[in-house]
Student: 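Handing you a structure now.
Proteins come first, then strands; the chains are lettered A, B, ... in the order of their sequence lines, and each starts at number 1. Quick note: numbers below take in every heavy atom, side chains included, and nothing from hydrogens, waters or symmetry partners.
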2 protein chains.
Amino acid sequence: MFFSSELIKGTLKTIILKLLSENKRMYGYEITQTVKELTGDKIQLTEGALYPTLHALEAEGLLTTETEYIGKRVRKYYSLSKDGKTKSLEKVNEFADFISTMKFLLDIKTKTT
Amino acid sequence: MFFSSELIKGTLKTIILKLLSENKRMYGYEITQTVKELTGDKIQLTEGALYPTLHALEAEGLLTTETEYIGKRVRKYYSLSKDGKTKSLEKVNEFADFISTMKFLLDIKTKTT
DNA sequence: TTTAAATACATATGTTTCCTATGCATTAAA
DNA sequence: TTTAATGCATAGGAAACATATGTATTTAAA
């Protein structure tokens, strides 16, 4: 992980929910690759973190799954449930509020592009 | 804590180092109150998190301490060491980079004030 | 004046969250 | 043919923070 790993803590669920809100359905490996690409390798999700989190979100009723076979290889697709869609918005808003608070606290200036 | 507590994880050291970079010396209780005020009660540091972290930063050589008595009550002031000043800048920059990455990833718009 | 709240420190134990390591298996590329 | 990439999964451990508890002084409220 490019960032000291503590920083990522607490954001993984938010990242997953947000990606699924934009993609209808994604499988685990695809999520890791998408995050890697979008962040320029700065965030690389480990499987040991990703899969247990996906299972947890499913157990919470936020995700639904469908399994497909690509040749002989299994692929498990995840989609947002109705609750998952709501939760996705909540999580992103909460994070936006959090970074707003932290920027003020840490006196961080942002380039107005 | 106003924010779901996972979010704060990984930011506590950064917050402490930043505050001390602006205040020369502060004691533990003062840090909790300052953070509480600056964030409008959104971030309330618990003692069980704060004091062990202060001790850890001191053990890492980032903080120096001086104990004073206010009447009969002890008060322990913390200041940044030379390494602490360097680390403070590093941590704040890292966090700024992190939120920049996350804003892109989560597609969060910021008001250009 | 007594009691609650605020000030001020500290630590043991627990929980959450993520990482490391490992395992299995298929497919594509070197 | 063997390494890298694809694709899933879980056991065990580490890190970070919360909860709960403890001690003690000072101030404000009842």
Side-chain angles (χ1 to χ4, degrees), chain A residues 1-17 25-37 41-60 63 65-78 91 95 98 102, chain B residues 1-17 25-37 41-60 62-63 65-78 91 94-95 98 102:
Chain A
M1 201 82 79
F2 179 89
F3 296 113
S4 70
S5 60
E6 319 94 72
L7 282 182
I8 278 74
K9 290 199 183 184
T11 64
L12 182 53
K13 284 187 178 179
T14 307
I15 291 170
I16 293 172
L17 292 172
R25 66 175 202 169
M26 295 180 87
Y27 54 97
Y29 188 76
E30 187 184 11
I31 292 174
T32 65
Q33 296 310 302
T34 303
V35 170
K36 197 169 130 84
E37 278 168 34
D41 293 6
K42 286 181 183 173
I43 298 180
Q44 296 187 33
L45 304 184
T46 60
E47 295 164 298
L50 178 68
Y51 291 112
T53 302
L54 285 171
H55 301 162
L57 289 170
E58 190 184 1
E60 288 174 48
L63 303 185
T65 61
E66 33 183 347
T67 299
E68 284 184 18
Y69 279 88
I70 309 299
K72 287 178 182 173
R73 190 154 51 193
V74 74
R75 189 181 281 177
K76 200 167 166 187
Y77 283 98
Y78 291 88
K91 281 283 199 181
F95 190 75
F98 174 67
M102 286 298 291
Chain B
M1 202 83 76
F2 177 90
F3 296 113
S4 70
S5 62
E6 321 93 71
L7 283 181
I8 277 73
K9 289 198 183 186
T11 64
L12 182 52
K13 284 188 179 179
T14 306
I15 290 170
I16 293 171
L17 291 172
R25 66 175 203 172
M26 296 180 86
Y27 54 99
Y29 188 76
E30 186 184 12
I31 292 174
T32 65
Q33 297 310 303
T34 303
V35 169
K36 196 167 130 84
E37 278 170 36
D41 292 4
K42 286 181 182 173
I43 298 180
Q44 296 187 34
L45 305 183
T46 60
E47 296 163 297
L50 179 68
Y51 290 112
T53 301
L54 285 171
H55 300 162
L57 289 170
E58 188 184 2
E60 289 174 47
L62 302 176
L63 302 184
T65 62
E66 32 183 347
T67 299
E68 284 184 19
Y69 279 87
I70 308 299
K72 284 178 183 174
R73 187 155 53 191
V74 74
R75 186 182 283 178
K76 201 167 164 185
Y77 282 99
Y78 291 87
K91 281 283 199 182
E94 189 195 16
F95 190 75
F98 174 67
M102 286 297 293

Student: Heavy atoms, side chains only, cut-off 4.5 Å: are B:Thr11 and B:Ile8 in contact?
Tutor: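 In contact.
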Student: To the nearest Å, give me how far apart NZ (B:Lys9) and P (D:dA14) are.
Tutor: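 From B:Lys9 NZ to D:dA14 P: 16 Å.
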Student: Looking at side-chain heavy atoms only, is the closest gap between B:Leu63 and B:Leu17 below 4.5 Å?
Tutor: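 B:Leu63 vs B:Leu17: side chains touch.
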Student: What's the OH-C1' distance between B:Tyr51 and D:dT19, to the nearest Å?
Tutor: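 Computing the B:Tyr51:OH to D:dT19:C1' distance gives 16 Å.
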Student: Between D:dC17 atom C1' and B:Ile31 atom CD1, what is the distance in whole Å?
Tutor: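 The answer, rounded to whole Å, is 16 Å.
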Student: Give one of base, sugar-phosphate or nothing for B:Gly48, where a contact means two heavy atoms less than 4.0 Å apart.
Tutor: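 Base, at least one base atom sits under 4.0 Å.
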Student: Quick check: do A:Tyr78 and A:Ile16 have side-chain heavy atoms less than 4.5 Å from each other?
Tutor: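 Heavy-atom side-chain distance check fails, nothing below 4.5 Å.
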Student: Enumerate the residues from residues 67-78 of chain B whose closest heavy atom to DNA chain D is under 4.0 Å, giving them by residue number; use none for an empty result.
Tutor: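 Under 4.0 Å from DNA chain D: B:Gly71, B:Lys72, B:Arg73.
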Student: For D:dC8 and A:Tyr27 - does any side-chain N or O of the residue sit under 4.0 Å from the phosphate oxygens OP1/OP2?
Tutor: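 The answer is no; no side-chain N or O of A:Tyr27 sits under 4.0 Å from OP1 or OP2.
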Student: Rounded to whole angstrom units, what separation is found between the NE2 atom of B:His55 and the P atom of C:dA12?
Tutor: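 One finds 12 Å between P of C:dA12 and NE2 of B:His55, rounded.
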Student: In whole angstrom, what separates A:Lys13's NZ from C:dC18's P?
Tutor: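 Taking NZ of A:Lys13 and P of C:dC18, I get 8 Å after rounding.
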Student: Which one, C:dC18, C:dT11, D:dC17, comes nearest to the side chain of B:Leu12?
Tutor: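 The answer is D:dC17.
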Student: Under a 4.5 Å cut-off applied to non-hydrogen side-chain atoms, are B:Tyr27 and B:Lys76 in contact?
Tutor: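 They are not in contact (no side-chain heavy atoms under 4.5 Å apart), so the answer is no.
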Student: Where the side chain of B:Ala49 is concerned, which of D:dA18, C:dC9, D:dT10 is the nearest nucleotide?
Tutor: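 So the side chain of B:Ala49 is nearest to D:dA18.
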Student: What contact category does B:Glu47 fall into here, base, sugar-phosphate, or nothing, at under 4.0 angstrom with non-hydrogen atoms?
Tutor: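 Base: the residue B:Glu47, judged by heavy atoms under 4.0 Å, touches a nucleobase.
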Student: Figure out the CG/C1' separation between A:Leu50 and D:dT10, and round it to whole Å.
Tutor: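 So the two atoms are 13 Å apart, to the nearest Å.
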Student: Evaluate the side-chain proximity of A:Met102 to B:Ile43: yes if any heavy-atom separation is below 4.5 Å, no if none is.
Tutor: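 SC-SC contact between B:Ile43 and A:Met102 confirmed.
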Student: Taking the side chain as every heavy atom from C-beta outward, state whether A:Thr65 and A:Glu58 have any atom pair closer than 4.5 Å.
Tutor: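 Sidechains of A:Glu58 and A:Thr65: in contact.
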Student: Looking only at side-chain N and O atoms, does B:Thr46 come under 4.0 Å of OP1 or OP2 in D:dA18?
Tutor: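 Yes, B:Thr46 has a side-chain N/O under 4.0 Å of OP1/OP2 on D:dA18.
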Student: Send over the distance from B:Leu7 CG to D:dC17 C1', rounded to a whole Å.
Tutor: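 From B:Leu7 CG to D:dC17 C1': 13 Å.
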Student: Between B:Leu57 (CG) and C:dA10 (C1'), how many Å, whole number?
Tutor: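 For the pair B:Leu57 CG and C:dA10 C1', the rounded distance is 16 Å.
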Student: How would you list, by chain and number, every residue that makes a ring pair (Phe, Tyr, Trp, His ring centres under 6.0 Å) with B:Tyr51, sequence neighbours excluded?
Tutor: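 Partners of B:Tyr51 by the ring pair (Phe, Tyr, Trp, His ring centres under 6.0 Å) criterion come out as none, since no residue qualifies.
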